[in-house]
Amino acid sequence: AARLAASTFDEVIAADQKIEPRDAMPEAYRKTLIRQIAQHAHSEIIGMQPEGNWISRAPSLKRKAILLAKVQDEAGHGLYLYAAAETLGVSRADLVDALLDGRQKYSSIFNYPTLTWADVGAIGWLVDGAAIVNQVPLCRCSYGPYARAMIRVCKEESFHQRQGYEILHTLAHGTEAQHAMAQDALDRWWYPSLAMFGPPDADSTHSERSMAWKIKRFSNDELRQRFVDMCVGQAEILGLRIPDDGLRWNEQRGAYDFTAPDYAELMRVIKGDGPCNRQRIEHRRRAHAEGAWVREAAEAYARKHATATVA
Ligand code: ACO
């Protein structure tokens with residue numbers, strides 16, 4: 001339906017239409033979007049590291065080519081997301097600085113190590129699977145540029161999820177040692193993947209407001225439940241066991257009961273004290289410093305072209 005020029009922010013939200021960059025919006029809405037989109041962008045960029053660790057050690061040329069393309073996709077997602085954040089009046093350079101000096105966060109999940117090749121499979125299946133469950137509803141987010149970026153990101157994430165699942169399926173149906181490697185990866189990645197959805201609803205500071213603004217469409221716990229329900233059947237086909245003795249079908253709820261992740265651990269990891277936090281930030285700072293000449297060259301090139309047009 002065509003939008004009336006005079007629609008207020010509240011009317012646009014109530015009508016389930018999109019807020020666009022030039023529309024009036026409450027300052028707190030703008031701030032919360034910058035926070036979430038920047039964190040999301042940083043997660044994509046930091047998320048290149050755990051898998052990048054396996055590019056040179058992938059077990060075949062084909063696996064290497066697929067993983068390389070996948071990690072490049074993550075870089076692309078980071079770039080669309082920084083561009084979406086820039087429509088809110090911040091600069092990418094400032095957001096990158098905020099990541100590097102710890103003023104902005106990135107997802108807890110990328111602070112866990114990738115110890116074996118099976119971890120690359122587990123990341124695709126579980127981490128990208130969780131990302132899809134979280135991000136498909138973001139395609140209907142009230143802020144237009146974020147919602148539109150999510151459509152393409154989700155299509156690519158679906159491919160990532162399938163490639164991870166296929167790696168684990170191959171290992172799980174291979175030798176006994178390969179099966180054990182796949183099971184070990186699932187054992188280590190299961191609870192950190194559940195924790196990705198954030199604190200339980202009662203402790204989620206932003207959920208209520210973000211849901212009222214239609215930035216978030218479902219709560220952290222709702223999405224976590226949806227993820228568990230999706231994984232159970234997939235684990236069965238893999239022939240792997242989800243490491244949870246409390247996992248059982250609840251007829252009344254029409255959903256699986258499951259053991260919650262350790263939220264105290266999530267808080268520690270978010271605050272900087274996970275297994276790889278220091279290494280991840282250190283690596284990003286180094287890559288940023290080593291890339292300075294590329295940014296300078298791009299700026300010099302842009303300046304040269306700007307003056308050439310004026311002359
Ligand atoms: N890792 C790091 N920080 C987290 C995590 C997590 N898994 N979950 C919650 N937090 C932080 C929040 O950012 C917030 O901190 P802040 O106030 O300093 O920003 C605090 O914990 C409280 O959480 P909530 O109030 O529940 O925060 P929010 O409403 O933003 O919900 C969520 C968190 C679900 C992650 C939301 O921000 C979101 O959907 N983000 C977009 C998706 C995303 O970032 N995905 C990244 C991983 S996917 C990938 O890259 C493959």
Side-chain angles (χ1 to χ4, degrees), residues 28-29 31-51 70-71 73-82 84-85 95 98-99 102-112 122-141 143 146-147 149-150 153-154 156-161 164 189 191-224 226-227 261-274 276-277 280-281:
Y29 175 85
K31 286 245 162 69
T32 215
L33 276 169
I34 292 172
R35 177 187 63 80
Q36 178 167 328
I37 300 173
Q39 265 180 34
H40 194 166
H42 301 327
S43 302
E44 302 283 356
I45 298 298
I46 297 282
M48 294 165 75
Q49 291 183 43
E51 291 178 286
K70 195 219 146 169
V71 172
D73 285 352
E74 306 294 356
H77 297 174
L79 299 187
Y80 321 142
L81 284 161
Y82 284 127
L95 298 178
L99 167 69
R103 279 175 292 128
Q104 284 177 350
K105 300 185 164 84
Y106 59 89
S107 179
S108 53
I109 193 72
F110 301 118
N111 293 304
Y112 291 86
I123 290 182
W125 175 39
L126 297 173
V127 176
D128 296 325
I132 294 168
V133 169
N134 167 268
Q135 287 168 24
V136 165
L138 291 175
C139 297
R140 294 193 295 118
C141 160
Y143 188 59
Y146 191 28
M150 281 300 109
V153 168
C154 285
E156 294 180 353
E157 293 294 0
S158 304
F159 155 68
H160 298 170
Q161 199 259 359
W189 287 92
Y191 287 104
S193 299
L194 294 188
M196 272 176 79
F197 292 92
D201 293 349
D203 300 333
S204 165
T205 40
H206 304 291
S207 278
E208 204 180 316
R209 198 138 75 146
S210 289
M211 286 174 74
W213 279 329
K214 299 182 182 170
I215 295 173
K216 285 169 92 159
R217 295 287 183 160
F218 299 96
S219 76
N220 298 358
D221 286 330
E222 283 170 327
L223 293 177
R224 194 171 2 250
R226 191 178 288 186
F227 176 70
D262 178 353
Y263 292 116
E265 175 179 322
L266 172 65
M267 288 307 143
R268 279 198 305 278
V269 175
I270 292 179
K271 292 206 174 92
D273 209 12
C276 301
N277 295 59
R280 299 291 185 238
I281 281 292

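Residue indices begin at 1 and follow the sequence shown. Read the numbers this way: they start at 1 and go in the same order the structure lists the ligands and their atoms. Only a predicted model underlies this, so the values are computations on that prediction, with no experimental measurement involved. For the numbers below, each heavy atom of this structure counts, side chains included, while hydrogens, waters and symmetry mates do not.
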Does V127 have a heavy atom less than 4.0 Å from any atom of ligand 1? no

Are any of the heavy atoms in S210 under 4.0 Å away from ligand 1? no

Taking a cutoff of less than 4.0 Å between a non-hydrogen atom of the residue and any ligand atom, is G47 in contact with ligand 1? no

Mark up the atoms of ligand 1 that fall under 4.0 Å of a heavy atom belonging to Q135, in ascending order. 48 (S)

Is there a side-chain contact between M150 and P137, using heavy atoms and a 4.5 Å cut-off? no

For Y106, the ligand 1 atoms whose distance to one of its heavy atoms is below 4.0 Å: 1 (N), 2 (C)

Nearest 0.5 Å, please: how far is CZ in R226 from CD in E222? 7.5 Å

Ligand 1 contact by Y146, heavy-atom criterion under 4.0 angstrom: yes

Can you confirm whether the side chains of H40 and Q135 place a donor and an acceptor under 3.5 Å from each other? yes

Using heavy-atom distances only, which candidate in I123, T32, N134 approaches atom 34 (C) of ligand 1 most closely? N134

Which segment of K105 sits under 4.0 Å of ligand 1 when only heavy atoms are counted: side chain

So, is N220 polar-close to ligand 1, with some N/O to N/O distance under 3.5 Å? yes

Who gets closest to atom 23 (O) of ligand 1 by heavy atom: A131, G198, P199? P199

For the 3.5 Å polar cut-off, considering only N or O atoms, please tell me whether D128 and ligand 1 meet it. no

Taking atom types as modelled, is there a side-chain donor on H160 or E157 under 3.5 Å from an acceptor on the other? yes

Among H206, R217, M150, R35, the residue with a heavy atom nearest to atom 25 (O) of ligand 1 is H206

Among non-hydrogen protein atoms, atom 11 (C) of ligand 1 lies closest to I270 CD1, 4.1 Å

Do Y146 and Q36 have side-chain atoms, one donor and one acceptor, less than 3.5 Å apart? yes

So between M267, R209, M196, whose heavy atom ends up nearest atom 35 (C) of ligand 1? M196

Might you check, step by step, whether the distance between atom 46 (C) of ligand 1 and some protein heavy atom is under 4.0 Å? yes

